[in-house]
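Just so you know, ligand 1 is whichever comes first in the structure, and atom 1 is the first atom listed for that ligand.
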Amino acid sequence: MKNLVLIGYGGMGTRHLDRLKNVKEIAVKGVYDIDPQKQTAAKKDGYYSYNSLVDVLNDSAVDIVLIATPNDSHKELAIQSLQHGKHVICEKPVTLSTADLQDILDTAKKYNRKFMVDQNRRWDENFRMVKKIVDDGALGKIYEIRNIINGSRGIPGDWRRNPEQGGGMVYDWCVHILDRILWLKKGIKLRSLYADLSYRLGHQVDDGFYVELQFDDGMRCILEVGTANFIKLPEWYVAGSTGTMEIKDFELHGEYVTLKGELAKDTIPVEAGAGFTKTMAPRTDGSLEHHPLPKVAVDVCDFYRNFVAWIDGKEEPIVKNSEVMDDMKIIQAIFDSAKDNKVIHFD
Ligand SMILES: NC(=O)c1ccc[n+]([C@@H]2O[C@H](COP(=O)([O-])OP(=O)(O)OC[C@H]3O[C@@H](n4cnc5c(N)ncnc54)[C@H](O)[C@@H]3O)[C@@H](O)[C@H]2O)c1
């Protein structure tokens with residue numbers, strides 16, 4: 001059993017504590033937040049509240065520090081915790097530069113402590129459904145994956161609007177959805193990318209993005225986030241040589257269809273708008289099979305269990321620091337591509 005202290009009793013921090021109730025390998029020893037009101041809230045919720053970061057770091061009973069504070073504070077908190085002999089779980093985006101991440105990793109190595117980033121959206125059920133369908137080859141050769149997250153509430157009026165604190169949707173969402181696509185495509189080289197960021201809401205940070213990735217196996221991936229989309233596009237669209245999958249939303253509405261028989265068969269043209277078409281005529285001849293989305297068993301608490309097993313030398317980390325470093329290099333390339341409006345090629 002490992003003792004954990006949470007730093008940052010905010011939106012994500014409190015969710016971590018809820019999830020940790022299901023993880024018998026970890027005991028929550030307490031909480032520290034820089035904001036006295038949050039300290040009071042933590043006490044009211046039944047947690048021991050440390051008065052200062054120093055008190056946390058000097059408590060030899062603390063094995064793990066979990067950092068869930070705004071993005072610009074992760075580096076310093078992580079380095080101090082590692083230097084005091086703590087293992088560290090850190091929220092995403094891990095840092096705002098690859099150099100900062102390298103500093104953390106060097107410190108973890110020097111003090112022989114474990115450091116892992118909470119890339120929890122690898123455990124999203126919808127993503128795991130896509131991964132299963134792709135891994136099983138249910139759609140034939142995959143040509144394209146689109147993962148589009150649309151909201152219509154703008155950016156919350158907290159640090160997420162502040163560039164110095166790592167605000168904006170690339171750091172908020174792209175870090176998640178890029179990470180899991182790279183995880184899904186593990187071993188396949190990323191050939192190039194193009195990115196366009198949106199600034200429709202008048203903030204200093206991006207309020208959305210469009211990122212196109214081209215992989216060496218010929219697959220294209222489109223990652224998109226919008227915060228002023230009043231009608232949502234489907235969250236996932238996967239196109240293969242013999243099938244297509246759609247997941248419309250977080251609530252997991254969707255299906256996949258597969259082709260029975262021939263792709264191109266002569267058909268009767270249909271009227272379409274002001275014209276007519278044979279190519280786009282619907283398949284009304286029973287040549288498509290409809291399937292419900294596959295069942296997948298996922299439990300995000302496995303992230304914490306794996307961290308403890310890694311500390312104990314029993315398992316390899318599920319989220320590897322080399323993967324997170326790759327994520328951060330590509331995030332940097334996304335900003336570069338958008339700034340210069342150019343395709344970035346990777347050697
Ligand atoms: N993995 C996910 O699904 C997910 C979801 C949301 C947020 N996050 C990440 O979690 C982190 C926190 O986001 P949030 O939405 O919970 O923010 P939040 O603003 O709700 O909470 C942050 C808390 O940290 C405290 N804090 C700030 N600086 C501190 C410091 N130096 N020491 C101690 N406490 C400090 C604040 O007082 C606040 O209570 C961010 O990095 C964010 O990107 C991850």
Seminar exercise, completed: The reported gap from CD in Gln39 to CG in Asp35 (rounded to nearest 0.5 angstrom) is 8.0 Å
Problem set entry | Contact check, side chains of Leu197 and Ile334, non-hydrogen atoms, under 4.5 Å | yes
Exercise. So, is Lys38 polar-close to ligand 1, with some N/O to N/O distance under 3.5 Å?
Worked result: yes
Exercise. Which atoms of ligand 1 sit under 4.0 Å from any heavy atom of Asp35?
Worked result: 37 (O)
Problem set entry | Nitrogen or oxygen of Ile34 less than 3.5 angstrom from that of ligand 1 | yes
Problem set entry | Minimum-distance protein heavy atom relative to atom 38 (C) of ligand 1 | Asp33 OD2, 3.4 Å
Exercise. Do other residues, nucleotides or ligands put more than 12 heavy atoms under 6.0 Å from Phe250 CZ?
Worked result: yes
For this session: Among all protein heavy atoms, pick the one closest to atom 15 (O) of ligand 1 and tell me residue, atom and distance.
Result: Arg160 NH2, 2.8 Å
Exercise. Can you tell me the protein heavy atom closest to atom 20 (O) of ligand 1 and the distance?
Worked result: Gly11 N, 2.9 Å
For this session: Examine distances only and state if a side-chain atom of Asn306 and a backbone atom of Glu315 form a donor-acceptor pair shorter than 3.5 Å.
Result: no
Exercise. Between Phe127 and Trp183, how do the two ring planes meet: parallel, tilted or perpendicular, split at 30° and 60°?
Worked result: tilted
Seminar exercise, completed: Here the atoms of ligand 1 under 4.0 Å from any heavy atom belonging to His74 are 41 (O)
Problem set entry | Atom indices of ligand 1, in the order listed, that fall short of 4.0 Å to a heavy atom of His176 | 1 (N), 2 (C), 3 (O)
Seminar exercise, completed: In this structure, atom 43 (O) of ligand 1 is nearest to the protein heavy atom Lys92 O, 2.8 Å
Exercise. Does the side chain of Glu164 reach to within under 4.5 Å of the side chain of Asp72, using non-hydrogen atoms?
Worked result: no
For this session: Can you establish whether the number of heavy atoms outside Arg15 located under 6.0 Å from its atom CZ is more than 12?
Result: no
Exercise. Where is the nearest protein heavy atom to atom 5 (C) of ligand 1: which residue, which atom, and how far?
Worked result: Met12 SD, 3.3 Å
Exercise. Nearest to atom 41 (O) of ligand 1, what protein heavy atom do you find, and at what distance?
Worked result: Asn71 OD1, 2.6 Å
For this session: Determine whether Ile344 and Lys342 make a side-chain contact, defined as any pair of heavy atoms from C-beta on separated by less than 4.5 Å.
Result: yes
For this session: Using a strict cut-off of 4.0 Å, indicate which atoms of ligand 1 neighbour a heavy atom of Asn120.
Result: 1 (N), 2 (C), 3 (O)
For this session: Identify, for atom 21 (O) of ligand 1, the protein heavy atom at the shortest distance, and state residue, atom and that distance.
Result: Gly10 CA, 3.3 Å
For this session: For ligand 1, find out whether one of its N or O atoms is nearer than 3.5 Å to an N or O atom of Glu91.
Result: yes
Problem set entry | Trace of the salt bridge (Lys or Arg N to Asp or Glu O under 4.0 Å) decision for Lys75 with Asp103 | CA-CA 8 Å; Lys75 177 186 176 181; Asp103 287 346; 2.9 Å; yes
Exercise. Are Asp312 and Lys2 close enough for a salt bridge, meaning some N to O gap below 4.0 Å?
Worked result: yes
Problem set entry | Closest approach of any protein heavy atom to atom 24 (O) of ligand 1, naming residue and atom | Gly8 CA, 3.5 Å
Exercise. Heavy atom under 4.0 Å from ligand 1: found in Glu76's side chain, backbone, both, or neither?
Worked result: neither
Exercise. Taking the non-hydrogen atoms of Trp159, is any one of them nearer than 4.0 angstrom to ligand 1?
Worked result: yes
